[in-house]
Amino acid sequence: MGNVVVCDHPLIQHKLTFIRDERTDTKLFRECVDEVATLMAYEITRGIALAPVRLQTPVGPAEGLAIRGRMPGLVPILRAGLGMTDGILKVLPAAKIGHIGLYRDPATLQPVEYYTKLPADAGERLLIVIDPMLATGGSAIAAIDYLKRQGCRDIRLMCLIAAPEGIAAVREAHSDVDIYVAAIDERLNDHGYIVPGLGDAGDRLFGTR
Ligand code: PRP
Ligand code: URA
């Protein structure tokens, strides 16, 4: 069974408080999402395989360590996953990026796919699926379903805020996928929003409401 990791570093929790606050404007919201994504990238990449590397320092021969094999790939779920992508790229600047366009139908809460594009060698990489919100779990499950249909096997999910219902749904559908979150909130409301959550992540990131 995949792990659920709550990234409880004080800097993450401090910045998450600004992200949640309804008084936070678009600029600060974007900045804090970006910074939390960078900090969470440390946690999600902990334990990735390293290989020894021989090199020469100005003083003499040395052995270093480098990430073994291909760099991880990032797969933001559009739109809101885009808000976390640059933050992760700060520590994984060579990452390839795939995109999965999904929106949640407001009436049925079911994800509707409208765009996909992956790196050609996505199946040979660790893929980090990125979305600030894990609510019912429908969007994350659909994204991971798609990746597995394309032959991807090594997948981790990174979200800012999750509802217990979303975590349970992803674990049920994809028990091999580790889930990294900054917080697990109380529940979903009748409209499928996370309570207390942060509202609509896409709208707050892009200023569309
Ligand atoms: C939001 C969010 C997730 C999804 C989560 O996206 O960014 O993708 O809802 O809900 P779920 O777990 O119930 O599927 P939304 O559909 O609002 O699209 P947007 O990012 O384009 O605004
Ligand atoms: N999507 C969001 O942006 N926020 C929620 O609380 C749930 C889904």
J.: For a quick test of reading the model, state the closest non-hydrogen atom pair linking G64 to L55 and the distance between them.
T.: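 Scanning both residues, the minimum pair turns out to be N-CD2, 3.6 Å.
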J.: Minimum heavy-atom separation for A62 and T57, please, with both atom names.
T.: CB-CG2, 3.8 Å
J.: Is there a chain of hydrophobic side chains (I, L, V, M, F, W, Y, each step under 4.5 Å between heavy atoms) that links Y180 to V177?
T.: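 Per the 4.5 Å side-chain linkage, Y180 and V177 are not co-clustered.
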J.: Ignoring hydrogens and geometry, is there a side-chain-to-backbone donor-acceptor pair from D131 to I77 under 3.5 Å?
T.: no
J.: Hey, could you give me the CG/CG distance between L82 and L74, rounded to the nearest 0.5 Å?
T.: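 The distance works out to 11.0 Å.
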J.: Shortest non-hydrogen contact from A135 to A163?
T.: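 Closest pair (atom of A135, atom of A163, distance): O-CB, 3.7 Å.
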J.: With rounding to the nearest 0.5 angstrom, report the CG to OG1 distance, L11 to T38.
T.: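 So the gap between those two atoms works out to 11.5 Å.
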J.: Kindly compute the distance separating CD (E113) from CG (D145), expressed to the nearest 0.5 Å.
T.: 10.0 Å
J.: Whether the side chain of E124 engages the backbone of G69 through a donor-acceptor N/O pair (distance < 3.5 Å, no angle test) should be reported.
T.: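 Looks like no, no N/O pair under 3.5 Å.
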J.: May I ask whether V33 and L92 are part of the same hydrophobic cluster, defined by side-chain heavy atoms of I, L, V, M, F, W, Y residues being less than 4.5 angstrom apart, directly or through others?
T.: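 Same cluster.
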J.: Kindly check if the number of other-residue, nucleotide or ligand heavy atoms within 6.0 Å of CD (Q56) is above 12?
T.: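 Enclosed: over 12 neighbouring heavy atoms sit under 6.0 Å from CD of Q56.
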J.: Nearest 0.5 angstrom please: I130 CD1 to C159 SG, how far?
T.: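 Here the rounded value is 10.0 Å.
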J.: About how many Å separate CD1 of I144 and CZ of R149, when rounded to the nearest 0.5 Å?
T.: 12.0 Å
J.: For E35, run the side chain to side chain donor-acceptor pair (under 3.5 Å) check against H14, R30, K90, K15 and tell me which one passes.
T.: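 It is K15; the other options fail the test.
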J.: Does atom NZ of K96 have more than 12 heavy-atom neighbours, drawn from other residues, nucleotides or ligands, at distances under 6.0 Å?
T.: no
J.: Do R23 and L28 have side chains that get closer than 4.5 Å, going by heavy atoms?
T.: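 The answer is no, as the side chains (C-beta and beyond) never meet within the 4.5 Å cut-off.
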J.: With clusters defined by side-chain heavy atoms of hydrophobic residues (ILVMFWY) lying less than 4.5 Å apart, directly or transitively, does L89 cluster with L205?
T.: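 Hydrophobic grouping puts L205 with L89.
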J.: Could you tell me which non-hydrogen atom of I48 sits nearest to which non-hydrogen atom of P72, and how far apart they are?
T.: CD1-CG, 4.3 Å
J.: So, for L134 and I179, which heavy atoms are closest and what is the spacing to 0.1 Å?
T.: CD2-CG2, 4.3 Å
J.: For residues 192-204, run the donor-acceptor check on the side chains, cut-off 3.5 Å, and write out each pair with its distance to 0.1 Å, sequence neighbours left out.
T.:
unit_1: Y193; atom_1: OH; unit_2: D200; atom_2: OD2; d: 2.9
unit_1: D200; atom_1: OD1; unit_2: G202; atom_2: N; d: 3.1
unit_1: D200; atom_1: OD1; unit_2: D203; atom_2: N; d: 2.9
unit_1: D203; atom_1: OD1; unit_2: R79; atom_2: NH2; d: 3.3
unit_1: D203; atom_1: OD1; unit_2: T208; atom_2: OG1; d: 2.5
unit_1: R204; atom_1: NH1; unit_2: I19; atom_2: O; d: 2.9
unit_1: R204; atom_1: NH1; unit_2: L198; atom_2: O; d: 2.9
unit_1: R204; atom_1: NH2; unit_2: D21; atom_2: O; d: 2.8
unit_1: R204; atom_1: NH2; unit_2: T24; atom_2: O; d: 3.3

J.: Enter the distance from R125:CZ to M71:CE here, rounded to the nearest 0.5 Å.
T.: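 R125 atom CZ to M71 atom CE measures 9.0 Å (nearest 0.5 Å).
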J.: Do Y42 and V91 have side-chain heavy atoms sitting under 4.5 Å apart?
T.: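 Result yes, sub-4.5 Å side-chain heavy-atom pair found.
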J.: I'd like to know if the side chain of T45 and the backbone of A41 have a donor-acceptor N/O pair within less than 3.5 Å.
T.: yes
J.: Is it true that atom OH of Y146 has more than 12 heavy atoms of other residues, nucleotides or ligands lying nearer than 6.0 Å?
T.: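 Enclosed.
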J.: Do side-chain atoms of Q13 reach the backbone of A182 as a donor and acceptor pair under 3.5 angstrom?
T.: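 Side chain of Q13 to backbone of A182, a donor-acceptor pair under 3.5 Å: yes, one is there.
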J.: I want to check something: taking the side chain as every heavy atom from C-beta on, are I155 and D176 in contact at a cut-off of under 4.5 Å?
T.: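 No - every pair of side-chain heavy atoms lies 4.5 Å or more apart.
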J.: Between I141 and T136, is any pair of side-chain heavy atoms under 4.5 Å apart?
T.: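 Contact flag for I141/T136 side chains = no.
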J.: Counting only heavy atoms not in E63 (residues, nucleotides, ligands), do more than 12 fall under 6.0 Å from its CD?
T.: yes
J.: Looking only at atom types and distance, does a side-chain atom of E165 sit under 3.5 Å from a main-chain N or O of L188, one as donor and one as acceptor?
T.: yes
J.: Do the side chains of K148 and H174 get nearer than 4.5 Å, heavy atoms only?
T.: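 Side chain of H174 against side chain of K148, heavy atoms only: contact under 4.5 Å found.
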J.: Using the rule side-chain contact (heavy atoms from CB on, under 4.5 Å), only one of V5, L126, V129 pairs with R156; which is it?
T.: L126
J.: Going only through I, L, V, M, F, W and Y residues with side-chain contacts under 4.5 Å, is there a path from L127 to V181?
T.: yes
J.: A side-chain contact here means heavy atoms from C-beta on lying under 4.5 Å apart; do M40 and I44 qualify?
T.: no
J.: Grab the two heavy atoms, one from R54 and one from P61, that are nearest each other, plus how far apart they are.
T.: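 In terms of heavy atoms, the two residues are closest at NH2-CB, 3.8 Å.
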J.: Just wondering, do P111 and R104 contact through their side chains at under 4.5 Å, heavy atoms?
T.: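 They are not in contact (no side-chain heavy atoms under 4.5 Å apart), so the answer is no.
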J.: Applying side-chain contact (heavy atoms from CB on, under 4.5 Å) between T116 and each of L102, L78, V75, I100, report the one that passes.
T.: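 Output: one option passes, namely I100.
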J.: Report, as yes or no, whether the 6.0 Å neighbourhood of atom CZ on R209 holds more than 12 heavy atoms from other residues, nucleotides or ligands.
T.: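 No, not enclosed.
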